[in-house]
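All heavy atoms count here, side chains included; hydrogens, waters and symmetry mates do not. In what follows, chains are A, B, ... by sequence order, proteins preceding strands, each numbered from 1. Just so you know, these numbers come straight off a predicted model, no measurement behind them.
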Protein chains: 2
Amino acid sequence: MNKHVQWLKKNKLKVTPARMKMLDILENTEGLLPAEEIFLKLKDELPNVSLSTVYRSLEQLCNNDIVSAVNIEQKKEVHYELAHKHHAHHLICLSCGKVIHLHDCPVHGYADKMGEKHGFNITEHKLDLYGYCPACQ
Amino acid sequence: MNKHVQWLKKNKLKVTPARMKMLDILENTEGLLPAEEIFLKLKDELPNVSLSTVYRSLEQLCNNDIVSAVNIEQKKEVHYELAHKHHAHHLICLSCGKVIHLHDCPVHGYADKMGEKHGFNITEHKLDLYGYCPACQ
DNA sequence: CTCAATGCAAATCCTTTGCATACCT
DNA sequence: AGGTATGCAAAGGATTTGCATTGAG
C-alpha cells in the first residue's frame, strides 16, 4: 500500500482514481499547479473527469493538509502543491512562472519576536521571493 | 497643495474627486482593504461612483506605485493599501482580519543568498505572518 | 447497502471591458 | 478643445453549488 493511499485512508477519504492520479500529478511536479492545469493533466488519463471534481478533491486534500493552496502574488488563480513540500518557501520567476522550492527559512526567530511584541499567537507564515530566472533575464 | 495631489500630478493622473477620496480612505485605514469595501466607503461621499471606477483607479494607482495590491492567503479578493506603507510586512489575524504593519525585515540577506544560489535576479519579496490577535485568542 | 464522490450544468463571486457621456487641465 | 475618467451594463474567468447518478467500503 503506497504513501498516497495511506494519506487518504488516514483522513477517511475514499481512494478514488481521480484522487490517486491527482496526487501523482502533484508528486511529479516541481512547482505549483493551478486547478485548470491539474484538470488538463488528469483528463489525459481519465477523459471524463470534470473540473468540479478537481476543485472538490483539492478542497478535501487541503482540509486534510495533504495539499496546500498558495496565492501567488500577481496571479488570480490559486495554485496547489503537496503539503509536505510546503514547509519550504518559493522563488518564483515573474516572467515564466517557474517555481523553486527553498528549504531554508530565515523567519522563525523573527516570527516569534513579532508575535511576542504584538501579542499575537502566530501559527504560520508565508515567504516568497520574486524575480527573474536565469533563462528569462 | 497636499501630498495626494502631488502624487497624482507627478504621475500625470488627473485629480478627480474619486481618486482623492480613495486616497483619503486608504490613508485613514490601518490595514488592507478589498475593492468592495473601498467602494462602499467611497459611496458614502460620492453616492454615484461605480465599482468599475474603483477598480480602474486602483489599477492606475498601482501602476504608478501609489497603491499596492496584496494577495492575502486564504482570501480570494485582492486587498489594497498605500504603497508607502508597503515596504513593511504584515501580521494578519486569521480570525478578525486585523493587519499590523511590521517594519523590520529579516529577509534581505536571505533573498540575496538565494538569488545568487539559483541564478535569479530577485526584485521583490513578500513576507506575511498569520495568527490570532490578542482579542481573538 | 450506504454515504461519499462524481459529472454536468447552472449559479456565484470578483474583476474587466465596451461604449457613450462628463470632466479635468 | 482634447483626451482622460466615469457610469452603466454586459462580459469574463475562476470557483462553487444543486441534483441525479455512480462507486468505494
Separation of A/Gln60 atom CD from C/dA4 atom P, in whole Å?
-> 10 Å

Between C/dC23 (C1') and B/Leu46 (CG): distance, integer Å = 14 Å

Strand-adjacent residues in residues 37-45 of chain B, judged by heavy atoms under 4.0 Å from DNA chain C = none

Of all the heavy-atom pairs spanning B/Cys133 and B/Cys93, show the shortest one and how long it is.
-> N-SG, 3.4 Å

note: B/Leu61, atom CG; D/dT6, atom C1'; distance rounded to Å ~ 15 Å

Kindly write out the residues that satisfy salt bridge (Lys or Arg N to Asp or Glu O under 4.0 Å) with B/Lys98, not counting sequence neighbours, or none if the list is empty.
-> none

Pairs satisfying side chain to side chain donor-acceptor pair (under 3.5 Å), at least one member in residues 104-121 of chain B, at least two apart = none

Not counting sequence neighbours, which residues clear salt bridge (Lys or Arg N to Asp or Glu O under 4.0 Å) with A/Glu37? List them please.
-> none

Axis deviation across the helix from C/dC1-D/dG25 to C/dT25-D/dA1, five-pair ends, to the nearest 10° | 40°

How many Å lie between CZ on A/Arg19 and C1' on C/dG7, as a whole number?
-> 15 Å

Please give, in whole Å, the distance from C/dT16 P to B/Leu58 CG?
-> 10 Å

Tell me: CG of B/Asn71 to P of D/dA14, nearest whole Å?
-> 14 Å

For each nucleotide in nucleotides 15-25 of chain D, reading 5' to 3', give B when a protein heavy atom comes within less than 4.0 Å of its base, S when such contact involves only the sugar-phosphate, and - otherwise.
-> BBBB----BBS

Between NZ of B/Lys21 and C1' of D/dA5 the distance, given in whole Å, is 15 Å

Pairing residues for B/Glu77 by the salt bridge (Lys or Arg N to Asp or Glu O under 4.0 Å) criterion, not counting sequence neighbours | none

Name all pairs fulfilling the ring-ring contact (aromatic ring centres under 6.0 Å, His included) condition that reach into residues 5-31 of chain A, sequence neighbours left out, sorted by first residue then second.
-> A/His4-A/Trp7, A/Trp7-A/His84

Parallel, tilted or perpendicular: rings of B/His125 and B/His89 (30°, 60°) | tilted

Partners of B/Thr16 by side chain to side chain donor-acceptor pair (under 3.5 Å), sequence neighbours excluded?
-> none

Can you tell me how far C1' of D/dA5 sits from CG of B/Asn48, to the nearest Å?
-> 15 Å

Is any side-chain N or O of A/Thr53 closer than 4.0 Å to OP1 or OP2 of C/dT6?
-> no

Applied to residues 35-79 of chain B, the ring-ring contact (aromatic ring centres under 6.0 Å, His included) test, sequence neighbours excluded, yields none

Partner residues of A/Asn64 under the side-chain contact (heavy atoms from CB on, under 4.5 Å) criterion, sequence neighbours left out | A/Asn11, A/Leu13, A/Gln60, A/Ile66

What residues form a salt bridge (Lys or Arg N to Asp or Glu O under 4.0 Å) with B/Lys21, not counting sequence neighbours?
-> none

